[in-house]
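Following: one structure in structure tokens, then a few remarks.
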Amino acid sequence: MERLAIDLKGVTFKYKNADEPSVCDVSLEVSAGECVVLTGASGCGKTTLTRIVNGLAYDFYEGDLSGSARVCGRDVTEMPSWERARVVGSVFQNPRTQFFNLDTTGEVVFGMENLGVSHDDMHSRYDRVVEELGIRGLMDRGIFQLSGGQKQAVAFASAWANTPAAYVLDEPSSNLDIPSMRRLASFVAKAKKEGAAVLVAEHRLFWLADVADRFVCIRDGRVAGSWSADEFARLGADFRERLGMRSLEQPSCAHLDKASTASASCACEVRGLSAGYGGGLALDQVNFSFDKGEVVGIVGENGRGKSTLLRCICGLHREVSGQVLFENSPVDAKRRPEKAFLVMQDVDYQLFRTSVMAELAAAARRGNRELEEARALLEELGLERFSDRHPASLSGGQKQRVVCAMAALSPCDVVLLDEPTSGLDFVNMVRLASLVRRFASEGRAVVVVSHDAEFLSRACDRVVRFE
Amino acid sequence: MSDKADSRLALRLDPRTKIILLVVFGICACFCRDAAWGSVLFALALLFSCITGEARLAVKFLVGYVAVLVFVTLAVTVNPEIGTRIALIFQSFRAAFPPFLMAAILIMTTKTGDLVAALYAFRVPRLLVIPLAVGIRFFPTLVEEFRCVVDAARLQGVSFSPAGVVRHPSTICESLIVPTVLRSAKIAEELAAAAVTRGIEKPGERTSFNELALSRADIALLLCFSAACVAVSVACSIAKGGWA
């Protein structure tokens with residue numbers, strides 16, 4: 001194996017229908033056994049760089065590539081996609097949409113089957129992968145039964161099974177909880193020990209603190225800085241934040257572990273709530289309340305409980321027993337959408353009209369507010385230049401702000417957010433935090449389910465642990 | 001497609017058996033389009049469904065079948081002129097139930113990898129196999145996505161009650177169709193990219209983790225059901241006077 005597993009020199013790439021190149025004259029080297037993290041603001045080009053390495057960039061996503069891109073000494077553009085598949089393993093952001101098979105075992109062996117590995121080799125490699133990554137318990141199951149973290153573990157195993165020389169991970173932690181991120185970090189460490197190079201594009205850096213060797217900041221398609229892990233840890237917060245990078249450490253939220261200051265303006269109370277799905281109860285006799293003007297964070301190990309709680313509060317899920325009271329009077333599930341607005345984890349589902357202004361106008365109508373209010377809100381959120389654009393053409397962070405604006409215009413006094421910062425870069429995370437605080441200062445009650453400590457420490461008044 | 005570990009499955013069948021029987025039922029359904037013989041064919045499909053452990057699926061299809069029969073009979077009784085025309089339109093739909101059920105069984109009891117291997121064993125060109133596999137894989141995801149889309153619409157006060165649908169049909173369509181289409185496009189792209197990075201485009205031989213093998217049960221069921229279907233088709237043709 002060449003000492004340099006990944007070698008990019010002066011690489012420039014422009015997507016076919018783009019006006020400008022996404023990546024400009026980037027040179028990057030990753031040695032065998034090394035882990036390099038690419039980070040930077042959304043749209044900076046880090047995902048494009050990962051695509052150049054695994055070959056999706058000019059082959060699958062058409063565009064013009066110039067410069068030299070080599071993996072293990074071989075030019076990436078001169079290999080057909082299946083040759084690249086042998087040397088580069090890829091793990092993507094969304095665990096749900098990278099599974100070709102519907103069963104986990106089939107998924108792990110998928111790459112080997114495609115590449116024509118012999119039956120015996122396949123079985124021995126399969127056994128090895130399962131042993132090495134410790135995922136025996138996940139085999140022979142349907143993907144729809146798995147959590148996001150489990151799916152991502154299987155996706156990694158599927159890449160591992162081809163014994164690639166390099167791994168490319170594109171924001172793999174986006175939908176994961178803390179234990180799953182730790183497991184992923186352990187896989188990266190194992191991959192490094194096997195001598196593979198690992199290139200990770202990420203916003204959230206803390207889970208990589210112990211496995212990354214180098215951090216590279218990308219800005220506007222160019223390398224803005226490169227630091228070893230030690231150097232990066234010593235960077236000042238101001239400097240880091242100016243470059244749009246998140247912290248390596250998780251701030252403590254212990255100071256937020258306080259009881260609610262009992263006030264007369266209780267916005268919503270949940271009493272003895274039990275709710276579940278076919279298989280069992282996700283919520284068991286839960287009591288929880290929050291007041292107007294406060295932002296409450298909900299943390300805890302992943303399980304369906306937290307999301308189920310939010311869904312019950314806004315009326316999307318019918319509870320088995322218990323009550324949900326708004327301003328001290330119980331409200332039936334059917335009427336709750338008028339009281340509580342949920343900003344979903346993926347806001348794509350919530351935008352369907354032809355323009356941003358149309359979405360806000362509809363929300364304003366529902367909330368009995370003037371159109372002027374909607375326009376003013378757009379301006380305040382810095383979105384007025386998108387007012388005639390189709391919502392689908394906006395970036396993730398912009399779409400989220402549109403949905404938050406819809407929440408602000410709605411008749412709801414309670415705003416719920418479900419993991420709003422997965423996939424958000426630093427600047428947008430801060431924007432969201434201030435938006436959430438604004439909701440509170442306007443007298444609304446906000447509940448956020450999140451495991452993003454940086455966000456929680458900026459946005460919340462108190463944090464409740466959910467077991 | 002199947003995601004179960006086949007531990008309690010009544011019979012673990014080779015996907016090729018199910019594919020062949022699907023084709024057999026499909027062809028015979030063309031010959032048995034009338035209600036009486038078509039129902040016999042459907043009963044055979046129900047039997048197969050129970051044998052392969054998909055009794056619940058059989059019940060769902062049976063309910064649908066009976067509903068169509070009842071609807072058509074009512075239509076004819078209530079207004080013979082229009083009713084007969086309606087009956088004609090629904091005839092093909094009803095006749096298609098047996099092969100639909102067989103297709104559903106195939107999809108629900110077969111793992112993706114096994115299905116792809118079976119299709120290649122039948123020398124189906126790669127250009128057809130991959131889109132077929134992706135399309136089938138797409139549906140459960142689509143169902144999940146649709147649920148999320150419906151939730152989002154409810155949050156914005158879009159009412160799915162009959163009254164609501166009548167009053168704002170365009171909002172209902174917009175709120176459901178637009179996000180679903182957009183999500184589907186995104187999902188399809190991501191699925192394809194993930195498959196490409198694992199070598200799906202490689203020409204030449206593809207190996208299989210689970211080697212396909214026809215068991216005695218496969219052969220027995222294949223022969224029995226094929227014979228039964230052919231018998232029903234022949235009987236139907238004779239009854240209709242097609243053969244002397």
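Everything numeric in this text was worked out from a predicted model, so none of it was measured. Here is how names work: the chains are called A, B, and so on, in the same order as the sequence lines, proteins then strands, and each is numbered from 1.
Electrostatic pairing of B:K111 and A:E107 does not count as a salt bridge here, judged by no charged N lying under 4.0 Å from a carboxylate O. In this structure, A:E113 does not pair ionically with B:R198, as no charged nitrogen and carboxylate oxygen lie closer than 4.0 Å.
Residues A:A85 and B:G199 share a closest heavy-atom pair of CB-N, 3.4 Å. B:A194 and A:T97 get closest at one heavy-atom pair: CB-O, 4.5 Å. Nearest heavy-atom pair, A:F100 versus B:A133, reported as atom, atom and distance to 0.1 Å: CZ-CB, 4.0 Å.
Of the residues considered (A:R96, A:R353, A:R311, A:Q93), A:R96 shows the highest number of contacts with chain B, using heavy-atom pairs under 4.5 Å.
With rounding to the nearest 0.5 Å, the separation of CG in B:D151 from OH in A:Y349 is 10.0 Å. With values rounded to the nearest 0.5 angstrom, A:Q350 atom CD is found 12.0 Å from B:S175 atom OG. Distance check, rounded to the nearest 0.5 Å: CZ of A:F92 to CG of B:L191 gives 10.5 Å. With rounding to the nearest 0.5 Å, the separation of CG in A:L102 from CD1 in B:I107 is 10.5 Å.
With a 4.5 angstrom heavy-atom cutoff, A:S410 does not touch chain B via any of its atoms. With a 4.5 Å cut-off on non-hydrogen atoms, A:R366 touches chain B through its side chain but not through its backbone. Only the backbone of A:M112 comes within less than 4.5 Å of a heavy atom of chain B; no side-chain atom from C-beta onward does. Of the atoms belonging to A:V347, not a single heavy atom falls under 4.5 Å from chain B. Of the atoms belonging to A:M122, heavy atoms from both backbone and side chain fall under 4.5 Å from chain B. For a residue to count as touching a neighbouring chain, one of its non-hydrogen atoms must lie under 4.5 Å from one of that chain's; by this rule B:A117 does not touch chain A. Heavy atoms closer than 4.5 Å to chain A are found in the side chain of B:E144, but not in its backbone.
Considering only heavy atoms from C-beta on, A:F352 stays 4.5 Å or farther from B:L176 through its side chain. Residues B:V196 and A:L56 meet the side-chain proximity criterion, which asks for heavy atoms closer than 4.5 Å. Two residues are said to be in side-chain contact when any heavy atoms from C-beta on lie closer than 4.5 Å; A:C314 and B:L155 meet this criterion.
Although no hydrogens or angles enter the test, the distance criterion places no donor-acceptor pair under 3.5 Å between the side chain of A:N101 and the main chain of B:T112. In this structure, B:R137 contributes its side chain and A:F99 its backbone to a donor-acceptor pair below 3.5 Å.
Using a 4.5 Å heavy-atom cut-off against chain A, the contacting residues of residues 200-215 of chain B are B:I200, B:E201, B:K202, B:P203, B:E205, B:R206, B:T207, B:S208, B:F209, B:E211. Contacts between residues 182-190 of chain B and chain A, counted as heavy-atom pairs separated by less than 4.5 Å, involve B:L182, B:R183, B:K186, B:I187, B:E189, B:E190.
Environment of CG in B:L127: sparse, with no more than 12 heavy atoms of neighbouring residues, nucleotides or ligands closer than 6.0 Å.
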